[in-house]
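Written below as structure tokens is the structure these notes are about.
Values in this document were obtained by computation on a predicted structure and should not be read as measured data. For the single chain, residues carry numbers from 1 onward in sequence order.
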Amino acid sequence: MRARSGLRGGAGAAHGAGGALLAAVLLGGTFMGIIALGFAAARALAPKDQRRAFALTTAGFGLGQIVGPVVGGLLLDRTGGFAAPSLLAAGALLVAALLAARGAARAPAAG
């Protein structure tokens, strides 16, 4: 018996080169938006030392791109499901949102 993919059936755009291109555009677009917002926040939080702020922001993104998949994969292997990695990612996102809100409250008003 053949295993069925969850995307088989009604998701014709999910298969082939067109689906891959669509996924790349949608994911890439959101990633570019997050990067742009991150650099705008870094610029606002450190107007006198933007180079350092951009370096720290880039290092943070890089660290997350390295550590996140490794930790997520280890959790997946240990638990056998996506619940633990997803909950950890949601928790990290919550912490980041709280830190961002705290930073925004401390930032000087734009004007």
Side-chain angles (χ1 to χ4, degrees):
M1 183 175 250
R2 210 169 157 196
R4 290 193 106 195
S5 168
L7 295 176
R8 290 269 182 224
H15 300 287
L21 181 61
L22 178 64
V25 168
L26 293 175
L27 180 63
T30 59
F31 186 74
M32 286 178 16
I34 294 297
I35 298 295
L37 290 171
F39 280 126
R43 183 180 296 121
L45 291 172
K48 294 181 180 177
D49 198 4
Q50 290 183 9
R51 285 184 183 173
R52 183 172 187 273
F54 289 169
L56 289 172
T57 301
T58 301
F61 279 127
L63 184 64
Q65 292 292 315
I66 294 167
V67 173
V70 171
V71 172
L74 290 171
L75 281 172
L76 175 66
D77 287 345
R78 181 168 218 136
T79 64
F82 289 102
S86 297
L87 288 171
L88 181 62
L93 184 60
L94 179 62
V95 169
L98 293 172
L99 290 172
R102 182 177 173 206
R106 289 183 173 183

- [ ] Could you name each residue pair satisfying ring-ring contact (aromatic ring centres under 6.0 Å, His included) that touches residues 82-103, not counting sequence neighbours?
- [x] none

TODO: Sequence neighbours left out, what pairs pass ring-ring contact (aromatic ring centres under 6.0 Å, His included) with at least one residue falling in residues 21-42?
DONE: F39-F54

Task: A42 to A53 - nearest heavy-atom pair and separation - done: O-CB, 3.7 Å

Other than [X], which residues form its hydrophobic cluster under the rule that side-chain heavy atoms must be closer than 4.5 Å?
X	value
V95	L99
L93	none
L94	L98

TODO: Give, for atom OG1 of T30 and atom CD1 of I35, the distance between the pair rounded to the nearest 0.5 Å.
DONE: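 One gets 10.0 Å once the value is rounded to the nearest 0.5 Å.
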
- [ ] Mind checking the OG1-CG spacing from T57 to L45? Nearest 0.5 Å is all I need.
- [x] 8.5 Å

Could you give the side-chain donor-acceptor pairs of residues 71-81 under 3.5 Å, partners two or more places apart or in another chain?
unit_1, atom_1, unit_2, atom_2, d
T79, OG1, L75, O, 2.8
T79, OG1, G81, N, 3.4
T79, OG1, G81, O, 3.3

